[in-house]
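Structure first, commentary second.
Since this is a predicted model, take the numbers as computed values, not measurements.
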Amino acid sequence: MMSPTPTPPKIVLGAPLVDLLAKAATDLPDPVLDHGLLTDEPARAYDALRETSMDAQLLVDHCQTLLRHRYGDGYAVIEAAPLLDAGALDNDGKILTILLSWLGTPLRAFDRWPLWKPLGTNLEIEPMRATGSGYHPLHLDIVNTTMPPDYSALLCERPDPRGGGASLTASPRRAVARLSQDERDLLAQPAFHDGDFFDLTGVGEELDPFPVLDELRPEEGFVRFTAKMLPDMDPRDPRTSALRALERELIADQARFLLSRGDLLIVNQHLTAHGRERLGDGQQQLPAEQRRLVWQMFLRAPGTAS
């Protein structure tokens, strides 16, 4: 296993902001959802809290610069361990939901899961699955819909005690720009498939088959990439070769870093694909309650379209 590159600079939450969130959460309305999205009443209450704090607004400005600049990396890491210590995962992650609502509208895409979906480590399932112990190749979440989530947020409650599971990020737009025109033409064909569509809310309609590339220029388009569909594709199909070429370009440019306890990784799916390296050896010797645990939530960003 390769050594990960250093974690990118983290956004530190100052004590006043942590204290504000911890104390205010009790009196603010719970995150009620409608069609998977946070409703107006709690959204307004959470935003009113943001307006009382210069630290909160500076945090939002910093995050938005990292997440939305078209030539940036499209992700941010918030050092949220102090929020964990203040009970951030209590009451279905209310404190974290308030914080992330300042960046977009919280979205529960999967009907069968709570707003914050636990991604533990299950040694009994296929390693490539979200809670498996193997390599999770670079991908965007829920690409087989007309409106994939704009942001994916991942909070690390427990890193892998064996030192594995480095996070991966890479820019699909930059990777597409390095492909040949023939490869781009193949990826623009609506001929790709990924997974099933059921029990989903707030992500539009099923898109099957779908094109990996849309009609926009590489520096502007939305790239519906997931390497998880490659094992099921015909290796003789030239579109398979084009998708593998895209994956190679992504891997060549990817960042690799370990998340520590309390690190909150936020990924703008319009700019960044994400993944995870396999967990460290010896997972079978770890009690289930000590294995890696991450919590995931999606956001719908204002003014964006998939």
Side-chain angles (χ1 to χ4, degrees), residues 4 6-31 38 42-43 45-64 66-67 75-104 106 108 113-121 131 151-167 257-267 274 276 279-280 286-299:
T7 304
K10 300 178 187 179
I11 301 172
V12 178
L13 297 180
L17 183 54
V18 172
D19 190 55
L20 174 70
L21 284 162
K23 289 181 177 178
T26 302
D27 297 323
L28 291 174
D30 291 336
L38 184 70
Y46 301 166
D47 204 47
L49 177 66
R50 176 193 56 80
E51 292 177 350
T52 69
S53 169
M54 178 63 72
D55 290 336
Q57 189 56 55
L58 290 172
L59 170 71
V60 171
D61 292 345
H62 191 177
C63 286
Q64 295 291 23
L66 294 173
L67 290 169
Y75 68 92
V77 180
I78 297 176
E79 194 175 65
L83 287 180
L84 280 186
D85 297 335
L89 287 170
D90 296 346
N91 196 13
D92 297 325
K94 184 176 179 180
I95 291 176
L96 290 166
T97 303
I98 295 169
L99 173 65
L100 287 179
S101 74
W102 298 342
L103 302 177
R108 185 194 64 201
W113 291 103
L115 182 60
W116 283 93
K117 177 184 178 182
L119 300 177
T121 302
T131 56
Y151 295 167
S152 181
L154 295 159
L155 175 81
C156 179
E157 181 180 2
R158 282 197 308 270
D160 177 18
R162 302 300 191 193
S167 293
F257 49 88
L258 285 168
L259 296 177
S260 302
R261 175 185 178 272
D263 284 351
L264 177 60
L265 171 63
I266 309 166
V267 175
H274 65 280
R276 195 208 71 199
L279 302 184
L286 291 171
E289 65 274 11
Q290 293 181 15
R291 296 177 193 145
R292 187 178 189 267
L293 174 60
V294 171
W295 296 81
Q296 183 179 49
M297 190 182 78
F298 301 114
L299 295 172

Next item on the list: Flag the pair Asp85 and Arg261 as a salt bridge only when some basic side-chain nitrogen lies within less than 4.0 angstrom of an acidic carboxylate oxygen.
Entry: yes
Check: Any ion pair linking Lys23 and Asp19 (charged N to carboxylate O, less than 4.0 Å)?
Finding: yes
Item checked: Distance, nearest 0.5 Å, that separates CG of Leu21 from CG of Leu28 -> 9.0 Å
Notebook entry, point to check: Between Ser101 and Arg50, does a side chain to side chain contact (heavy atoms under 4.5 Å, CB included) hold up when you go through it step by step?
Noted result: CA-CA 10 Å; Ser101 74; Arg50 176 193 56 80; over 6 Å; no
Margin query: Side chains of Trp295 and Glu157: any donor to acceptor distance under 3.5 Å?
Written below: yes
Note to self: Could you check whether any side-chain heavy atom of Leu286 comes within less than 4.5 Å of a side-chain heavy atom of Arg162, counting everything from C-beta outward?
What the structure shows: yes
Next item on the list: Of all the heavy-atom pairs spanning Ala153 and Trp116, show the shortest one and how long it is.
Entry: O-CZ3, 4.5 Å
Checklist line | Worked check of side chain to side chain contact (heavy atoms under 4.5 Å, CB included) between Thr121 and Leu293 | finding: CA-CA 7 Å; Thr121 302; Leu293 174 60; over 6 Å; no
Next item on the list: Please check if the side chain of Lys94 supplies one atom and the backbone of Leu89 the other of a donor-acceptor pair under 3.5 Å.
Entry: no
Item checked: Test log, rule side chain to side chain contact (heavy atoms under 4.5 Å, CB included), inputs Val60 and Leu103 -> CA-CA 7 Å; Val60 171; Leu103 302 177; 4.2 Å; yes
Next item on the list: Using the side-chain contact (heavy atoms from CB on, under 4.5 Å) rule, pick out the option among Leu99, Leu154, Val77 that qualifies with Leu264.
Entry: Leu99
Item checked: Residue pair Ile95 / Ala25: nearest heavy atoms and the distance that separates them -> CG1-CB, 3.6 Å
Check: Can you find a heavy atom in the side chain of Phe298 that is under 4.5 Å from one in the side chain of Pro106?
Finding: no
Item checked: Tyr151 (side chain) donor-acceptor with Met297 (main chain) under 3.5 angstrom -> no
Check: When rounded to the nearest 0.5 angstrom, what is the spacing between CG in Leu20 and CG in Leu49?
Finding: 4.5 Å
Notebook entry, point to check: For the side chain of Arg108 and the backbone of Leu38, is there at least one donor-acceptor N/O pair under 3.5 Å apart?
Noted result: no
Check: What closest approach, in Å, do Leu155 and Ala80 show between heavy atoms, and which atom pair accounts for it?
Finding: CD1-CB, 4.4 Å
Notebook entry, point to check: So, do Leu265 and Ile78 sit near enough that their side-chain heavy atoms are less than 4.5 Å apart?
Noted result: no
Notebook entry, point to check: Are Cys63 and Trp102 close enough that some pair of their side-chain heavy atoms sits under 4.5 Å apart?
Noted result: no
Note to self: I'd like to know if Lys10 pairs up with Asp263 as an ion pair, taking the criterion as any Lys NZ or Arg NE/NH1/NH2 lying under 4.0 Å from an Asp or Glu carboxylate oxygen.
What the structure shows: yes
Notebook entry, point to check: If you look at every heavy atom in Pro42 and Asp30, which pair is closest and at what distance?
Noted result: CB-O, 3.6 Å
Next item on the list: Would you name the heavy atoms of Ile266 and Leu67 that are closest together and state the gap between them?
Entry: O-CD2, 3.4 Å
Next item on the list: Check the pair His62, Leu58 against side chain to side chain contact (heavy atoms under 4.5 Å, CB included), reporting the backbone distance first and the verdict last.
Entry: CA-CA 6 Å; His62 191 177; Leu58 290 172; over 6 Å; no
Checklist line | For the student: nearest non-hydrogen atoms of Arg292 and Ser167, plus distance | finding: NH2-OG, 4.4 Å
Item checked: Rounded distance [0.5 Å steps], CH2 in Trp113 versus CG in Leu119 -> 8.0 Å
Next item on the list: Return yes if some donor-acceptor pair links the side-chain N/O of Arg276 with the main-chain N/O of Gly165 below 3.5 Å, else return no.
Entry: no
